Amino acid sequence: MQKSYDVIVIGAGTAGSYFAKLMAEQGYSVLVVEKSSREKLGRRLDIFHLDRDRLPRFGIPAPAPGDDDYVSEFEYSISKSAFDQYPKRTLYPFLVLRLPQFLARLARWAESFGVEYAFETEFLDFIYEGGRICGAQLKQGEETVQVFSRLVADASGIVSVGRRKLPEDYGVETFEIGPRDKFYVILRYARLKHPEVDRVKCTVNWPYYKTWIGPQHDKDGAIIGVGANFSYEYAEEVFQKFIKQVKLPPHELQYIQKGTTPYRRPPYSFVADGFVVLGDAACLTKPYSGEGITSAWELCAIAAQEFGAAMKEGRYPEAARVWKTNVRYQRGQGAKFAYIMATLVGAVNTLPEENDYQFRTGIVFNEKDMTTMNRNFGVTLGLGDIMAMVFKIVAGVLTRNITLATVKALLRSVTAAGKIQKHYEKFPEEISAFKAWCREADKLWAAAGSMADVAKS
Ligand SMILES: Cc1cc2nc3c(=O)[nH]c(=O)nc-3n(C[C@H](O)[C@H](O)[C@H](O)COP(=O)(O)OP(=O)(O)OC[C@H]3O[C@@H](n4cnc5c(N)ncnc54)[C@H](O)[C@@H]3O)c2cc1C
């Protein structure tokens, strides 16, 4: 480890290694500090699913059969109603991969561009010069060392160690991602008793309970997952409700893995003087699934371009010079995710009977919209689609399949979401207009409410 680099990245997860590679590729010296050992990296999760069709967008070589991280792939997923009825297919392919092996592949890839890794090295705090970040204090074994840099990127995951250490007025929010703002995910790895009839080839999910069953590395096995706000205990309660209603294939439990994933709006700004926040530390998970890997790469790619350009000829990346990172992200994927997040507050707040009706009639849950949502993070409805949806909702109310309260909640959230999306699409070009933009955004989010507010109702 040298005494100074152009860039220090905290965390060798999917966001950190990808951003490190992008900066090294532009000729910058990059150090990734990772508190885990190289051998233990990513051991928290055996299997994950990665959107196959998004890999070319980020230039990431896709794992293929025969690679140590590759398990399998599937072309579509299935969603079912609260009463396990009306299966709908989402035509969107996923790779099933092993996380530790995939992270090792990303690290080797980044190293081939000159990125240096310091494993078993912990970020403790920033170093400042004239009030601006100019490096990091790191802990290696018993030793504390100072390493200087022009940029520190926080990709430390949900713990957000860098972002949370910033001074309150540094320019990026320092909130903790607490129990209301994250999903507690429990994964049961199970062996099927009759794999020849019950083999799990793709993911089947039940949005009403936020539960799913998907393939794992043992082809005669499955992963049965649940995610919920507040706590693992609450996620377990939801799971018990689910298995009362839905009959899973007979299986034996192998082992359980647990983890948390952010579920809240990201910070309004991702950048400050000599600083950027990425990945789970920036709450970049997809609002409708909690998957966070490819959605985080979107910001990594934008930030690498903007910081890469701003740091040329030894220049320091002041917030104003890299502000376009915020403008480009928030007006694009940020605005779409904000719309989905606000809409879901009303959309998930239904009775099981209403959810069943929605699946039966294709309100919200229909194959075309679900496929488009996965591909584009948004659905554009034509006049004909809107009329058909209104007709189904009115019919649902008249036949008492949907309550008026549910329709009102849905309308309220769609209206709030539309306003939030428009506001994000007008994210200010100039840093000077940012405070006023934030005040308005705060009001709009308060009006939209949060998933945690409706989770237990
Ligand atoms: C159970 C579960 C299943 C999931 N399944 C999927 C899935 O199938 N597909 C998908 O896309 N997403 C999935 N996600 C979400 C996904 O795992 C995250 O969005 C993604 O891993 C975040 O990547 P990251 O690089 O931001 O953070 P992380 O992967 O958390 O990496 C952060 C790294 O920073 C290191 N670190 C932390 N503190 C310090 C410190 N002080 N100093 C140095 N290093 C530090 C950590 O050790 C870690 O290696 C799942 C999440 C959970 C909980």
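Below, all heavy atoms of this structure are taken into account, side chains as well, without hydrogens, waters or symmetry copies. Please read these numbers as outputs of a predicted model, since none were measured by experiment.
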Okay, side chain of [X], backbone of [Y]: is any donor-acceptor separation there less than 3.5 Å?
X	Y	answer
Lys422	Ala335	no
Trp212	Pro207	no
Ser17	Thr14	no

If I take atom [atom1] from residue [X] and atom [atom2] from residue [Y], how far apart are they, to the nearest 0.5 angstrom?
X	Y	atom1	atom2	value
Phe94	Ser77	CZ	OG	5.5 Å
Thr261	Ile177	OG1	CD1	9.0 Å
Phe102	Asp69	CZ	CG	7.0 Å
Gln305	Cys300	CD	SG	12.0 Å
Arg164	Glu176	CZ	CD	4.0 Å
Ile224	Ile213	CD1	CD1	4.5 Å

Aromatic centroids of [Y] and [X] separated by under 6.0 Å:
X	Y	answer
Phe19	Trp297	no
Tyr329	Phe270	yes
Tyr424	Phe337	no

A side-chain contact here means heavy atoms from C-beta on lying under 4.5 Å apart; do [X] and [Y] qualify?
X	Y	answer
Tyr170	Asp273	yes
Tyr28	Phe307	no
Arg54	Glu298	no
Gln140	Glu120	no
Leu45	Leu187	yes
Leu151	Met311	yes
Phe123	Ser156	no
Arg188	Gln254	no

Can you confirm whether more than 12 heavy atoms, excluding those of [X], are under 6.0 Å from its [atom1] atom?
X	atom1	answer
Gln2	CD	yes
Arg315	CZ	yes
Glu129	CD	no

Considering all heavy atoms of both residues, which atom of [X] and which atom of [Y] are nearest to each other, and what is their separation?
X	Y	value
Ala303	Leu278	CB-CD2, 4.3 Å
Ala20	Val32	CB-CG2, 3.6 Å
Glu73	Arg52	OE1-NH1, 2.7 Å
Ala62	Asp67	O-OD2, 4.4 Å
Cys283	Pro266	O-CG, 3.5 Å
Ala24	Val115	CB-CG2, 3.5 Å

Any salt bridge between [X] and [Y], counting N to O under 4.0 Å?
X	Y	value
Glu291	Lys286	yes
Glu429	Lys324	no
Asp220	Arg199	yes
Asp53	Arg375	yes
Lys21	Glu111	no

Could you tell me how the ring of Tyr288 sits relative to the ring of Phe377: parallel (under 30°), tilted (30 to 60°) or perpendicular (over 60°)?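 Rings of Tyr288 and Phe377: tilted, as their planes differ by 30° to 60°.
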Assign the ring pair Phe119 / Tyr117 to parallel, tilted or perpendicular, where the plane angle (0 to 90°) is split at 30° and 60°.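 Plane angle under 30°, so parallel.
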Set out, in order, the CA-CA distance, both residues' side-chain angles and the distance that settles side chain to side chain donor-acceptor pair (under 3.5 Å) for Arg180 and Ser450, then state yes or no. CA-CA 9 Å; Arg180 283 173 55 85; Ser450 84; 3.3 Å; yes
If you apply the rule side chain to side chain donor-acceptor pair (under 3.5 Å), what do you find for Glu233 with Tyr184, and how did you get there? CA-CA 9 Å; Glu233 290 71 35; Tyr184 292 80; over 6 Å; no
Which is it for Arg191 and Asp218 under the salt bridge (charged side-chain N to carboxylate O under 4.0 Å, His left out) test, yes or no, and what are the steps along the way? CA-CA 8 Å; Arg191 188 151 240 271; Asp218 175 354; 3.0 Å; yes
Derivation of the side chain to side chain donor-acceptor pair (under 3.5 Å) call for Tyr92 and Asp51: CA-CA 8 Å; Tyr92 188 70; Asp51 332 32; 2.9 Å; yes
What pairs with Asn366 under side-chain contact (heavy atoms from CB on, under 4.5 Å), at least two apart in sequence or on another chain?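 Lys368, Asp369.
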Would Arg163 pass as a cation-pi partner of Phe175, given that its NZ or CZ must be under 6.0 Å from the six-membered ring centre and within 45 degrees of the axis?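 Yes; both conditions hold, so Arg163 lies above the ring face of Phe175.
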Would Phe239 and Phe242 count as a ring-ring contact (aromatic ring centres under 6.0 Å, His included) if you check the C-alpha gap in whole Å, the side-chain angles of each, and the deciding distance to 0.1 Å? CA-CA 5 Å; Phe239 186 74; Phe242 163 67; 5.8 Å; yes
For the pair Glu318 and Arg132, evaluate salt bridge (charged side-chain N to carboxylate O under 4.0 Å, His left out) and give the outcome as yes or no after the intermediate values. CA-CA 9 Å; Glu318 287 148 14; Arg132 302 192 314 188; 3.2 Å; yes
If we check side-chain hydrogen bond (donor to acceptor under 3.5 Å, both in side chains) with Ser79, which of these qualifies: Thr90, Thr203, Asn205?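 Only match with Ser79 under side-chain hydrogen bond (donor to acceptor under 3.5 Å, both in side chains): Asn205.
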Apply ring-ring contact (aromatic ring centres under 6.0 Å, His included) to the pair Trp206 and Phe359, showing each step before the final yes or no. CA-CA 11 Å; Trp206 291 264; Phe359 266 84; over 10 Å; no
Criterion salt bridge (charged side-chain N to carboxylate O under 4.0 Å, His left out) on Lys426 and Glu440, from CA distance to verdict: CA-CA 12 Å; Lys426 287 188 287 182; Glu440 183 59 22; over 6 Å; no
Only residue of Leu97, Val96, Ile293 satisfying side chain to side chain contact (heavy atoms under 4.5 Å, CB included) with His49 is Val96
Of the options Tyr128, Phe126, Tyr316, which is the one that meets Phe275 in a ring pair (Phe, Tyr, Trp, His ring centres under 6.0 Å)? Phe126
Residue pair Ser269 / Asn326, side-chain donor-acceptor N/O under 3.5 Å: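 There is such a pair (donor and acceptor under 3.5 Å, judged by atom type) between the side chains of Ser269 and Asn326.
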Run the side chain to side chain donor-acceptor pair (under 3.5 Å) check on Ser29 and Asp6 step by step: do they pass? CA-CA 5 Å; Ser29 58; Asp6 294 315; 3.2 Å; yes
